[in-house]
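Written out below as structure tokens is the structure these notes cover.
What you see is a predicted model, and the numbers here were worked out from it, not measured in a lab. Throughout, protein chains are lettered first and strands after them, A, B, ... in sequence-line order, and every chain is numbered starting at 1.
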Amino acid sequence: MNPVSAALLIWYKNNKRILPWREITDPYHIWISEVILQQTRVNQGVDYYLRFVEQWPDVKQLASASEQEVLKMWQGLGYYSRARNMLVAAQEIVNKYNGLFPRSADELKKLKGIGDYTAAAISSIAFDEPVAVIDGNVFRVLSRLFNEETAIDSSAAKTTFRMLADSLLDKSNPGEFNQAIMEFGALHCVPKNPDCRTCPLQDSCLAFALKKVDQLPVKKNKIKIRKRFLHYFIFLQKEQQQCYTLLKYRGSGDVWQGLYDFPCIESDRILSIAELDHEQLFTAIKAVATEIIPIPGIRKHILTHQHLTAKFYVVKCKNGFEHLKNNSLSLVSQTELGNYPLPRLIDQFLHENENLFDNC
DNA sequence: AAGGCGTGGCC
DNA sequence: TGGCCAAGCCT
């Protein structure tokens, strides 16, 4: 075996974290954990994993869930297409694969939401297929070990780094090796200020010899940020001793697809009441409102590619909501609100204004 | 193939 | 503080 590979396996044996999906090889559990960990840190994902597999212990039970249930379980984790795709893939596995996971990476990749990385992770960990995983950790470790300056977000990166990863892969224990190199990247060969002084691979690391550790990996894309300004309207109406509000279903083509928030006016800056008066929705609101109460202050919500600024208004109503309802607006009681998947921004707002419905 | 998609943690 | 980053995938 390659001495670097052997050193990685020894390091892993001594340093790996105890995690709920370690030491098991059931493909369903490996799959759930891998999807949760896409672009997500272990600490953020572990509780979600435990709740998820408790609610749906196998692929057949997940396949019978509704999209809203799965998104509710995913609420707060982000990248919600992962949850929607998992439901589709679970149904595919039940209907086309008789409830049995495909065993090869090539076959796994045909499933919705399973790409190169996740396919390799499942097939190597659950089925011992000798395929190397390439994720952000592997890019970093390999670029430093081999002084590989190909930008990791270029189209050439896949080919280049696959050669390097395959050259190290321990084909007799691919699942263990793949987890070892990822864990090493996550815990030791970290992006900023790695402790090269105590690195078990120091003698083999070209970047260390060349004093280029802090310059690798190379990445070319810079993040562009879109600023958005949202005016949310929380309708309140009492009907038969119950308090109701209006939730907006967020369709495709924007952030939070499949989740619910409140009816909203978006603009290129925060508008005053007088300026809102020119908006069509606001005209409709005035038709049903007895009172429009601004919630003091504005709320900043920072996403990776968007900076959101939100202003909230309570709209007290005597009349019905008939003027406003359409197929993306639902009348929801305060009790039912908990069943709806909400973006973090909305969920936090509701938690910080728990008495909102009191004066309904 | 370049851009869209969340949230939280780090310094 | 704000910018970068995290076990990627889809279009």
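A/N43 places its CG atom 22 Å from the P atom of B/dG6, with the value rounded to the nearest Å. Rounded to an integer number of Å, the gap from CZ of A/R140 to C1' of C/dC5 is 9 Å. The distance from atom CG of A/D116 to atom P of C/dC9 is 7 Å, rounded to the nearest whole Å. The OH atom of A/Y117 sits 14 Å away from the P atom of C/dC10 (whole-angstrom rounding). If you measure from atom CG of A/L77 to atom P of C/dA6, you get 18 Å, rounded to the nearest angstrom. One atom, CZ of A/R17, and another, C1' of C/dA6, lie 11 Å apart when rounded to the nearest Å. Between the P atom of C/dT11 and the NZ atom of A/K109 lies a distance of 15 Å, rounded to the nearest Å. If you measure from atom OH of A/Y12 to atom P of C/dA7, you get 14 Å, rounded to the nearest angstrom.
No close placement of the A/W74 and A/Y48 rings is indicated, their centers lying 6.0 Å or farther apart. Outside the 6.0 Å centre-distance limit, the rings of A/Y12 and A/F184 are not counted as a close aromatic pair.
DNA chain C is contacted by A/M182, A/E183, A/A186 of residues 167-186 of chain A, taking any non-hydrogen atom closer than 4.0 Å.
Of the candidate nucleotides B/dG6, B/dC5, C/dC9, C/dC9 has the atom lying nearest to any side-chain atom of A/T118. For A/R22, the listed nucleotide lying nearest its side chain is C/dA7; candidates were C/dA6, C/dG8, C/dA7. Of the candidates C/dC10, C/dA7, B/dG6, the closest approach to any side-chain atom of A/T40 belongs to B/dG6. Distance from the side chain of A/Y79 is smallest to B/dG6 among B/dG3, C/dA7, B/dG6. Listed candidates were B/dC5, B/dG3, C/dT11. Nearest to the side chain of A/K112 is C/dT11.
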Legend entry - From CA spacing to verdict: side chain to side chain donor-acceptor pair (under 3.5 Å), A/D58, A/Q61: CA-CA 6 Å; A/D58 57 52; A/Q61 298 189 53; 3.1 Å; yes
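Between A/C189 and the choices A/I181, A/V141, A/L145, A/L142, the side-chain contact (heavy atoms from CB on, under 4.5 Å) rule is met once, by A/V141.
Using a 4.0 Å cut-off, some side-chain N or O of A/Q306 falls inside it from OP1 or OP2 of B/dC5. A/Q39 has a side-chain polar atom (N or O) that falls below the 4.0 Å cut-off from OP1 or OP2 of C/dG8.
The pair A/R299-A/E352 meets the salt-bridge criterion, with a side-chain N (NZ, NE, NH1 or NH2) lying under 4.0 Å from an Asp/Glu carboxylate O. Using a cut-off of 4.0 Å between Lys/Arg side-chain N and Asp/Glu carboxylate O, A/R269 and A/E275 are scored as salt-bridged. Checked for salt-bridge contact, A/K212 and A/E149 meet the test: a charged N lies under 4.0 Å from a carboxylate O. Salt-bridge formation is detected for the pair A/R17/A/E183: a Lys NZ or Arg NE/NH1/NH2 atom is positioned less than 4.0 Å from an Asp or Glu carboxylate oxygen. Using a 4.0 Å cut-off between a side-chain N of Lys or Arg and a carboxylate O of Asp or Glu, A/D254 and A/R250 qualify as a salt bridge. Under the 4.0 Å criterion applied to side-chain N and carboxylate O atoms, A/R228 and A/E266 are assigned as salt-bridge partners.
When the P atom is used for both C/dC4 and B/dG3, the distance is 15 Å, rounded to whole Å. Distance check on atom P: B/dA2 versus C/dA7 gives 24 Å, rounded to whole Å. To the nearest whole angstrom, the two P atoms, one in B/dG6 and one in C/dT11, are 14 Å apart.
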Please write out the pairs of protein N or O atoms and N or O atoms of nucleotides 8-11 of chain B separated by less than 3.5 Å, giving the distance to one decimal.
from	atom 1	to	atom 2	distance (Å)
B/dG8	OP1	A/R344	NE	2.6
B/dG8	OP1	A/R344	NH2	2.3
B/dG8	N2	A/R41	NE	3.4

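Atom CG of residue A/L345 and atom CG of residue A/L259 lie 11.5 Å apart, to the nearest 0.5 angstrom.
Among the atoms of the strands shown, base atoms are found under 4.0 Å from some heavy atom of A/L19. Within the nucleic acid shown, A/D254 comes within 4.0 Å of sugar-phosphate atoms alone, with no base atom in reach, counting heavy atoms only. Among the protein residues, A/W21 comes within range of the nucleic acid bases, having at least one heavy atom under 4.0 Å from a base atom. At the heavy-atom level, A/I36 lies nowhere under 4.0 Å from the strands shown.
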